[in-house]
Amino acid sequence: MLPLTILAVLFLWFAPASMFHMEGLTVVQQRTIAIFCYAALMWMFEIIPAWATSVSTIVFLLLTVSNKGFTNPEMGDLVNFKELMASFADPIIMLFLGGFVLAIAASKVGLDVYLAHILLKPFGTKPSNVLLGFLVLISVMSMFMSNTATAAMMLAFLTPVLKTLPAEGGGRVSLALSIPIAANIGGLGTPIGTPPNAIAIGQLASSGIEIGFGAWMLRFVPVVAIMILFAWWLLQMLFPFKTKCINIVIDGTCKKDWRFWMVTITFLGTILLWMTGELTHLNSNVVALIPFAIFALFGIFTRDDFAKIDWHVLWMVAGGFALGTALNKTGLAAGLVQAIPFGTWSALAVLIIAGLLGWLLSNFIANSSAANLLVPILAVVGTAMAENLAPMGGVTTLLVCVAASTSFAMLFPISTPPNAIASSTGMIKTHDMTVVGLIVGVLGIAVSYGVMLLFPF
């Protein structure tokens, strides 16, 4: 696919401007179209790692459309190079960084293992209750930790249990599928739960629309709760348990020293500040750096811990922010609005199509890549049809619904890392994963849309 990608980009780069049917198309706008095509194809076909595509996209933009690149004012409206470089340190990137630091510190002092012990204990040994316990625990942890890390940790707890269950029953499949379902759904609950949430919030923030941490949770934690309960019922219906009792043994201990309590108090305090941002007037991006500072000051987060941060996720998200900046600052976004009569389209149709497109793409490529592709373009669409979208919550509803849709993409083992982790057990057939993923996905999108239409930001 690399040769075809190169040919497509070169064609768009050197094609006559008249081919695009956009009045007054400038050189930098045409270059932006070509670079967007490059990013889209590289993300979609995963020719190189997604983070590498993002970093190279930002560099290409700096060299070809910025005011400090191989450009001159006659080429059109140039993008300030500082604005493109700022994508690497966007406030939303800092929000994610704070989330990673919290997760690393929690794991380092054993808070994650302690929570697993405490939260699973009330569910007892009855199979259906144990299944609910895992669904609840994984979804809650995925709101604040990487869903991949959460899935990997919970698989370590579950593996010995799965081996003891009878092969003829559906219990193995139910418990194994609980990992990706809860991890994928749980990420929707907070702005830091999954990259698409941050991408949508970041795009809206660039337009002057702020979404608070608590406001997001107020709408989507109920969605998570509804879908977890539905998944619990569905898994038992499709894959019933044959055994009467399940004993969960969680290996790992935590030493309740001052570091443990420091991380615990900071963790709870940070969540409280995030949820009360509208009262304290503290921006959630600023709050995210508080635990970073505390853990650094007290030596809980050390130089070696930097290697544990998922930097590739941060750079991948930055690429989408840079594309959005280029679309707006070169005037290409405004040109698209004038060239395509978005304002005449049905708002409901655009909402539904956008969500389904985000869901479909995310089943085959990383959900962050899908969001990076769709959010900047849909921000333009939302602006163009602002009047039609206003009764439904405007461009905010459009972008948030697309972000939510990507969290329910779980049809195949390749769809998300948690799916791949669960598939690695060898106890799940792809057909079973697809059936459950389709049912949960369709209902999840419908519930998310219902919440956003009834309670818009």
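Numbers here simply count residues along the sequence, with the first being 1. Predicted model, so just to flag it, every value in this text is computed and none were measured. Excluded from the calculations below are hydrogen atoms, water molecules and symmetry mates; all remaining heavy atoms, backbone and side chain alike, are included.
- Between the OH atom of Tyr449 and the OG atom of Ser405 there is a distance of 4.5 Å, given to the nearest 0.5 Å.
- Using a 4.5 Å heavy-atom cutoff, the side chains of Val65 and Lys329 are not in contact.
- With a 4.5 Å cut-off on side-chain heavy atoms, Leu61 and Thr325 do not count as touching.
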Audit row: Leu332, Met22, side-chain contact (heavy atoms from CB on, under 4.5 Å) steps and yes/no: CA-CA 9 Å; Leu332 182 58; Met22 290 179 60; 3.7 Å; yes
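- Considering only residues two or more places apart in sequence or on other chains, Phe306 meets the side chain to side chain contact (heavy atoms under 4.5 Å, CB included) condition with Phe292, Phe301, Ile309, Trp311.
- Taking both residues in full, the closest heavy atoms of Pro418 and Asn184 are given as CG-OD1, 3.9 Å, listed atom of the first, atom of the second, then distance.
- Glu210 places no side-chain N or O within donor-acceptor distance of the main-chain N or O of Asn283, the cut-off being under 3.5 Å.
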Check the pair Thr416 / Asn147 against side-chain contact (heavy atoms from CB on, under 4.5 Å), numbers first and verdict last. CA-CA 9 Å; Thr416 68; Asn147 59 8; 5.7 Å; no
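- Listed by chain and residue number, Phe364 satisfy the ring pair (Phe, Tyr, Trp, His ring centres under 6.0 Å) test with Phe412 (two or more places apart in sequence, or in another chain).
- Between the CD1 atom in Ile35 and the CG atom in Leu323 there is a gap of 8.0 Å [rounded to 0.5 Å].
- In this structure, CD1 in Ile33 is found 13.0 Å from CZ in Arg31, a value given to the nearest 0.5 Å.
- The shortest non-hydrogen separation linking Thr5 to Met42 is CG2-SD, 4.0 Å.
- Residue pairs meeting the ring pair (Phe, Tyr, Trp, His ring centres under 6.0 Å) criterion with at least one member in residues 5-53, sequence neighbours excluded: Tyr38-Phe60.
- For Thr302, the side chain to side chain contact (heavy atoms under 4.5 Å, CB included) partners are Lys108, Asp304, Asp305, not counting sequence neighbours.
- Not counting sequence neighbours, the partners of Trp274 by the ring pair (Phe, Tyr, Trp, His ring centres under 6.0 Å) test are Phe213.
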Show me the side-chain donor-acceptor pairs of residues 214-231 shorter than 3.5 Å, one per line, residues at least two apart or across chains.
from: Trp216; atom 1: NE1; to: Leu188; atom 2: O; distance (Å): 2.9
from: Arg219; atom 1: NE; to: Phe455; atom 2: O; distance (Å): 2.7
from: Arg219; atom 1: NH1; to: Ala215; atom 2: O; distance (Å): 2.9
from: Arg219; atom 1: NH2; to: Pro456; atom 2: O; distance (Å): 3.2

Side chains of residues 194-201: which donor-acceptor pairs under 3.5 Å do they make with residues two or more places apart or in other chains?
from: Thr194; atom 1: OG1; to: Asn367; atom 2: ND2; distance (Å): 3.4
from: Asn197; atom 1: ND2; to: Gly187; atom 2: O; distance (Å): 3.0
from: Asn197; atom 1: ND2; to: Thr190; atom 2: O; distance (Å): 2.8

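- A distance-only check finds a donor-acceptor pair linking the side chain of Ser174 to the backbone of Leu235 [under 3.5 Å].
- The side-chain hydrogen bond (donor to acceptor under 3.5 Å, both in side chains) pairs that include a residue from residues 66-91 number zero, where partners must be two or more places apart or lie in different chains.
- Two residues are said to be in side-chain contact when any heavy atoms from C-beta on lie closer than 4.5 Å; Ser423 and Ile428 fail this criterion.
- A side-chain donor-acceptor contact under 3.5 Å links Ser415 to the backbone of Asn363.
- Under the rule for a ring pair (Phe, Tyr, Trp, His ring centres under 6.0 Å), the partners of Phe100 that lie at least two apart in sequence or sit in another chain are Phe96.
- Across Gly382 and Leu389, no two heavy atoms sit closer than the pair CA-CD1, 3.7 Å.
- Of all non-hydrogen atoms in Leu41 and Ala8, the two that sit nearest each other are CD1-CB, 4.1 Å.
- When the ring pair (Phe, Tyr, Trp, His ring centres under 6.0 Å) test is applied to Phe295, no partner is found at least two apart in sequence or on another chain.
- Between the CG atom in Leu399 and the CG atom in Leu204 there is a gap of 5.0 Å [rounded to 0.5 Å].
- The side-chain heavy atoms of Ile93 and Phe88, taken from C-beta on, include no pair separated by under 4.5 Å.
- Cys401 is listed as a side-chain neighbour of Met452, based on a closest heavy-atom distance under 4.5 Å.
- Distance alone, capped at 3.5 Å, is enough to place a donor-acceptor pair between the Thr434 side chain and the Leu411 backbone.
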Check step by step if side-chain contact (heavy atoms from CB on, under 4.5 Å) holds for Leu356 and Leu360. CA-CA 6 Å; Leu356 290 177; Leu360 184 63; over 6 Å; no
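- Residues forming a side chain to side chain contact (heavy atoms under 4.5 Å, CB included) with Ala390 (at least two apart in sequence, or on another chain): none.
- The CD1 atom of Ile179 lies 11.0 Å from the OG1 atom of Thr150; values are rounded to the nearest 0.5 Å.
- Residue Leu102 holds its CG atom at 12.5 Å from OG of Ser107, rounded to the nearest 0.5 Å.
- Considering only heavy atoms from C-beta on, Thr26 stays 4.5 Å or farther from Thr330 through its side chain.
- Here the shortest heavy-atom pairing between Ala326 and Val79 reads CA-CG2, 4.3 Å.
- A pairwise comparison of heavy atoms in Leu84 and Ile58 identifies O-CG2, 4.2 Å as the closest pair.
- Scanning for side chain to side chain contact (heavy atoms under 4.5 Å, CB included) contacts around Leu348 gives Ser346, Ile352, Met392, with sequence neighbours left out.
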Determine, stepwise, if the pair Val440 / Ile185 fulfils side-chain contact (heavy atoms from CB on, under 4.5 Å). CA-CA 9 Å; Val440 172; Ile185 294 174; 3.8 Å; yes
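- For the pair Gln203 and Val395, the minimum side-chain heavy-atom distance is 4.5 Å or more.
- At least one side-chain heavy atom of Ile377 sits under 4.5 Å from a side-chain heavy atom of Leu327.
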